[in-house]
Structures are given as C-alpha cells and as structure tokens.
Undergrad: 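I am attaching a structure below and will ask some questions about it afterwards.
Predicted model, so just to flag it, every value in this text is computed and none were measured.
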Amino acid sequence: SPDTPGRVSAYERLAYLTSKKVLLRIAPVATGKTSPTKPAEALDVKDMVGKNNIYWLEDKNEKLWKEQCLKTYFYDPAANTWKDLNLPLNPPYRNCKYGLTYDEKNDVAILVGGQISWNGPSCNDIWIFDVKKTEWKKMEPQYMPSEKEKLILGESLMADYDSRHEVVVLRSNTGFWAYRYKKVKN
C-alpha cells in the first residue's frame, strides 16, 4: 500500500506468518539521512556483499547521497497497522532479485539470494527469520552453490516452500535449487 512505512520501491517481499496471523515484510527503505557528497562510510557496491545493512544511493537528479537499509516489519491485517520491528540485526542490504517464503512446519521465514542493485553483485546467502524469537539468523548450509550455480541463487526472483518435501524451491530463469532448514519429525 502507498502508506507502507519508508517505502522506496516495489522491491519488498512479503510472507504471511500463520502462527502470528501477520504479514512479514522485508524491504529496502530510505532512512531519511542524506549527504551532498559521498559519505566516507559509503562502500562501493562490489565491496558491500554480505558486510553491511547500510547502502548509500547516489541520486544524480537531486545531487544527493541517500542512505537506505533493509528493514523488517509486521503488518496486522485485523488492526490495519504496520509495526517496524527495529531489530538489532537484519540481513545485509539487497534491493532486488531475492526470495522470501514461509516454512509453516518450522515457523520460520526464509530469505534467499538477491542483489545489491539490479546489475550489482549477488548476495549468495540464506537468512532465517525465527517467528517465535522475532530475530534473523544467517544460515551456514553444508552445501552452497558452486561458482556457476551462484548466479542462479543470486537471480532468485521467487522462493516457494514445498511442505511435502520440507524444502524451499528457488526458481530463476536458469534453473532450480532446493534448501531445507530442518526436517520436522512426524
């Protein structure tokens, strides 16, 4: 919706968390901080991957540098309200080509891949949002894609949870990849 807090683009992802009956939203947002010159802490895009949740975007029309970050929100449809979770840790900044899905059996949201900017470097990582703890955690899976497959993960535009096989299926225009957070005991 247009009144979504801090919205800068359509590069947000949403997942409905059935255990809380809320929408989880993760999105790149403007912080409101600007600078007329490139800030000293502004990293080159290629140096940002996996290191930082702050991104300085150069707005050439306004001749300003604008700070952005990745933030996490809950939306309560019953109350029609957004809540900024103000988490101490969010996944590193990315603004496009990432997937978000919900694993109802483990009560976690899973964020995968993405890129810092449309033609920028890929974020080859997996983050879990633990709904009960209300926190993000970076995962270190036993297997990560090879150099050739990293492109596939970085271009993941969709992530779907397959409850029958208990895996997240990542789809891109070049192939498929599956990730299992935890197998639930029957």
Undergrad: How long is the straight-line distance from CD1 of Ile128 back to NZ of Lys182, given to the nearest 0.5 Å?
TA: 9.5 Å

Undergrad: Check whether any side-chain heavy atom of Tyr93 lies under 4.5 Å from a side-chain heavy atom of Pro28, and answer yes or no.
TA: yes

Undergrad: Counting C-beta onward and ignoring hydrogens, is there a side-chain heavy-atom pair between Thr72 and Trp136 closer than 4.5 Å?
TA: yes

Undergrad: Looking at every heavy atom in both Cys69 and Thr31, which two are closest together, and how far apart are they?
TA: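 Shortest heavy-atom separation between Cys69 and Thr31 comes out as SG-CG2, 3.8 Å.
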
Undergrad: So, do Tyr181 and Glu166 sit near enough that their side-chain heavy atoms are less than 4.5 Å apart?
TA: no

Undergrad: Can you measure from CG (Leu17) to CG (Asp107) and round to the nearest 0.5 angstrom?
TA: 7.0 Å

Undergrad: Taking C-beta and beyond as the side chain, do Tyr179 and Met139 meet within less than 4.5 Å on heavy atoms?
TA: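 Yes. Closest side-chain heavy atoms under 4.5 Å.
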
Undergrad: Side chains of Tyr98 and Ile26: does their closest heavy-atom pair fall under 4.5 Å?
TA: yes

Undergrad: To the closest 0.5 Å, what do you measure between CH2 (Trp127) and NZ (Lys137)?
TA: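 Trp127 CH2 to Lys137 NZ: 11.0 Å, rounded to 0.5 Å.
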
Undergrad: If you count heavy atoms of other groups shown closer than 6.0 angstrom to NZ of Lys38, is the number above 12?
TA: yes

Undergrad: Could you report the tightest heavy-atom contact between Trp65 and Thr37, atom names first, then the distance?
TA: CD1-C, 3.4 Å

Undergrad: Does the Lys NZ or Arg CZ of Arg25 fall within the cation-pi geometry relative to Phe74 - under 6.0 Å from the ring centre and within 45° of the axis?
TA: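 Output no; distance or angle outside limits.
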
Undergrad: A side-chain contact here means heavy atoms from C-beta on lying under 4.5 Å apart; do Asp125 and Lys138 qualify?
TA: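 Yes, at least one pair of side-chain atoms sits under 4.5 Å.
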
Undergrad: Could Lys71 and Asp84 be called an ion pair, given the rule that one side-chain N must be under 4.0 Å from one carboxylate O?
TA: yes

Undergrad: Looking only at non-hydrogen atoms, find the nearest pair between Asp130 and Lys133 and report the distance.
TA: OD1-N, 2.9 Å

Undergrad: Within the structure provided, determine whether Ile126 and Leu111 are in side-chain contact (heavy-atom separation under 4.5 Å).
TA: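 Sidechains of Leu111 and Ile126: no contact.
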
Undergrad: Any side-chain heavy-atom pair from Leu87 and Leu85 closer than 4.5 angstrom?
TA: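 Touching, per the 4.5 Å side-chain cut-off.
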
Undergrad: Is there a donor-acceptor pair under 3.5 Å between the side chain of Asn106 and the backbone N or O of Val108?
TA: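 A pair under 3.5 Å: no.
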
Undergrad: Nearest 0.5 Å please: distance from the CD1 atom of Ile110 over to the CZ atom of Phe129.
TA: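 Reported value, rounded in 0.5 Å steps: 13.0 Å.
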
Undergrad: Less than 4.0 angstrom from a charged side-chain N to a carboxylate O is my criterion; do Arg180 and Asp103 meet it?
TA: no

Undergrad: For the side chain of Arg94 and the backbone of Gly113, is there at least one donor-acceptor N/O pair under 3.5 Å apart?
TA: yes

Undergrad: Just verifying a value: how many Å separate Thr81 OG1 and Tyr73 OH, rounded to the nearest 0.5 Å?
TA: 13.5 Å

Undergrad: With the 4.5 Å side-chain cut-off for hydrophobic clustering, are Tyr16 and Trp82 part of the same group?
TA: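 The answer is yes; both residues are in one hydrophobic cluster.
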
Undergrad: Can you list the steps and then say if Val169 with Tyr161 is a side chain to side chain contact (heavy atoms under 4.5 Å, CB included)?
TA: CA-CA 6 Å; Val169 178; Tyr161 185 70; over 6 Å; no

Undergrad: If you compare all heavy atoms of Asp76 against all heavy atoms of Val22, which two are closest, and at what distance to 0.1 Å?
TA: CA-CG1, 4.2 Å

Undergrad: Report the distance from atom CG of Leu57 to atom OG1 of Thr34, rounding to the nearest 0.5 Å.
TA: 12.0 Å

Undergrad: Say whether Asp160 and Thr101, considering side chains only, have a donor N or O and an acceptor N or O under 3.5 Å apart.
TA: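 No.
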
